[in-house]
There are 2 protein chains.
Amino acid sequence: MAAKRRQTAQQEHAADVSIYVAAGGEESVQRVITAVYAVTKKLDQWYVRQFADLDLTQGEWSVLASLARAGDTCLTPSQLADLSNVAPSSMTHRLDKMGGRGLLQRRPDESNRTRTLVSLTKDGWALFSAAVRESNVVESDTLRDLSDAERHELARLLEIVIAGLDDIDA
Amino acid sequence: MAAKRRQTAQQEHAADVSIYVAAGGEESVQRVITAVYAVTKKLDQWYVRQFADLDLTQGEWSVLASLARAGDTCLTPSQLADLSNVAPSSMTHRLDKMGGRGLLQRRPDESNRTRTLVSLTKDGWALFSAAVRESNVVESDTLRDLSDAERHELARLLEIVIAGLDDIDA
DNA sequence: ATCGAATATTTCGTCATCGAAGTTCGATTT
DNA sequence: AAATCGAACTTCGATGACGAAATATTCGAT
């Protein structure tokens, strides 16, 4: 049964790619992009379930991760909205809610009082850390069929893609 | 400037990974997963802008793609909800709206009248095809720094991951 | 055969999100 | 120095999504 499903997952993916090619996409492109989204779609499902244990939505997770990645640098609501792919007006309420839970704090920027600076509290970082450790379980499971060398190669190829991303908008 | 940004994109990614590792994640895992999400986040931004030209939201795109991938097989609202990572109750209104635009049709399943069968119309498939062809532009740009051999290798590694995805829930 | 459990879909109330307008502050121009 | 333009954040009205309850149909058990 496991073996059967393993075959069909590949077959399904191949069939999906051929649909996109039939609709006008390039094979070498669709094969990669479709695969990337197949992975993230499944991961997203698990994130929702795992984060529910921590009373965390994907949107709140995005804010938490953005602030954690910024380190000591405070971020403004606008920056957080951009990083979270969300409208600035949506960020207002989200920050209100997360601030109410004590996960972050807002303080006015003294040098420019139109800006607000957002930073993680100790509780916020603790929740981020807990979420990372929980996520790492399924993420590790996801990559379990890849050797260390293959993970390294996969990361290397993706990093080539990342390096070129910012030059495309222009 | 382009060269500078190319370096910083890699540096930023490396810094992000180290944050996740500091929070308790494994390096070999986080390096891959973080990279995958960096790519999809950027792609999602472009999809929103490109699909706006076609009056298509990401949710509607998900329905369109699911039905197209199913080919001749009709899907039920529940199946579409699962495939779109959305609640069944949300799918009802989404199908109403898309049906009103003539993109799909709902008909009762004669063999089991609790079920409803959804299928793409000709207009629906045309819109799917148009969206694929538009998306392929940025997707192709995204992979432009990868040789054919590298794309093949990237796809191969991702397909190994995909093959194991279904076995994890259990 | 009838009753009860399970499944699929749709309403309904509530919350999140969006786009637009409003408000406050900073910067540039005249 | 005053005024206008622009930027950042927040409110506001409307749409979309969720979870729970309601409806309808099928399947299983007594």
Side-chain angles (χ1 to χ4, degrees), chain A residues 41 44-45 47-64 66-67 70 73-101 103-119, chain B residues 41 44-45 47-64 66-67 70 73-101 103-119:
Chain A
K41 180 186 280 189
D44 283 340
Q45 291 176 357
Y47 289 150
V48 171
R49 298 202 311 207
Q50 297 228 330
F51 288 172
D53 302 338
L54 304 171
D55 269 308
L56 201 63
T57 66
Q58 296 182 86
E60 290 162 346
W61 160 252
S62 176
V63 173
L64 226 51
S66 298
L67 288 171
T73 311
C74 290
L75 296 177
T76 68
S78 301
Q79 290 174 319
L80 285 168
D82 281 344
L83 291 168
S84 300
N85 286 347
V86 92
S89 59
S90 305
M91 190 54 63
T92 298
H93 179 55
R94 198 184 282 180
L95 294 176
D96 285 347
K97 200 179 161 197
M98 295 179 72
R101 281 177 65 183
L103 299 176
L104 50 83
Q105 50 190 341
R106 267 189 283 199
R107 62 186 174 82
D109 183 349
E110 296 303 333
S111 68
N112 183 344
R113 283 181 304 179
T114 64
R115 289 204 180 93
T116 304
L117 296 178
V118 183
S119 58
Chain B
K41 179 186 280 190
D44 283 340
Q45 291 176 356
Y47 288 149
V48 171
R49 298 202 309 207
Q50 297 228 331
F51 288 171
D53 301 338
L54 304 171
D55 270 309
L56 201 62
T57 66
Q58 297 182 86
E60 290 162 346
W61 160 251
S62 175
V63 172
L64 226 51
S66 298
L67 287 171
T73 310
C74 290
L75 296 177
T76 68
S78 301
Q79 291 173 319
L80 286 168
D82 281 343
L83 291 168
S84 301
N85 286 348
V86 91
S89 58
S90 305
M91 191 52 65
T92 298
H93 179 55
R94 197 183 283 180
L95 294 177
D96 285 346
K97 197 179 165 199
M98 295 179 72
R101 280 178 65 183
L103 300 175
L104 50 84
Q105 50 190 339
R106 268 188 283 198
R107 62 185 173 81
D109 182 349
E110 296 303 332
S111 69
N112 183 344
R113 283 182 304 182
T114 63
R115 289 202 180 95
T116 302
L117 297 179
V118 182
S119 58

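No hydrogens, no waters, no symmetry mates; every other heavy atom, side chains included, goes into these values. Keep in mind the model is a prediction, meaning the values are calculated, not measured. Just so it is clear: chains get the letters A, B, ... in the order the sequence lines come, proteins before strands, and each one is counted from 1.
- Taking atom CG of A/D109 as the reference point, atom P of D/dT10 lies 13 Å away to the nearest angstrom.
- Summarising the geometry, the separation between CZ on A/R115 and P on D/dC9 is reported as 7 Å, rounded to the nearest angstrom.
- Contact record, A/V86 with A/M91: CG1-CE, 3.6 Å, taken as the closest heavy-atom pair.
- Between B/L64 and B/M98, the closest heavy-atom pair is CD1-CE, 3.8 Å.
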| request: At under 4.0 Å between heavy atoms, which parts of nucleotides 11-24 of chain C does protein reach? Answer with one letter per nucleotide, 5' to 3': B base, S sugar-phosphate only, - none. | output: B----SSBBB----

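- Atom CG in B/D55 sits about 15 Å away from atom P in D/dT15, given to the nearest Å.
- Straight-line distance from the CG atom of A/N112 to the C1' atom of C/dC25: 7 Å, rounded to whole Å.
- Contact check for B/R94 versus B/L80: no side-chain heavy atoms found under the 4.5 Å cut-off.
- Residue B/T116 places no side-chain N or O under 4.0 Å from the OP1 or OP2 atom of C/dA8.
- B/R113 places its CZ atom 15 Å from the C1' atom of D/dC27, with the value rounded to the nearest Å.
- Taking the side chain as every heavy atom from C-beta outward, B/P77 and B/V118 approach each other to under 4.5 Å.
- For the pair A/L117 CG and D/dC9 P, the computed distance is 9 Å after rounding to whole Å.
- Consecutive Watson-Crick or G-U pairing (both distances under 3.5 Å) extending over three or more pairs maps onto DNA chain C as C:1-30 with D:1-30.
- Put simply, the residue from A/T76, A/T73, A/N112 that forms a side-chain contact (heavy atoms from CB on, under 4.5 Å) with A/L117 is A/T76.
- Between the CZ atom of A/R107 and the C1' atom of D/dC9 there is a distance of 16 Å, given to the nearest Å.
- Remark: P of C/dT9 and CG of B/L80 are 9 Å apart, rounded to the nearest angstrom.
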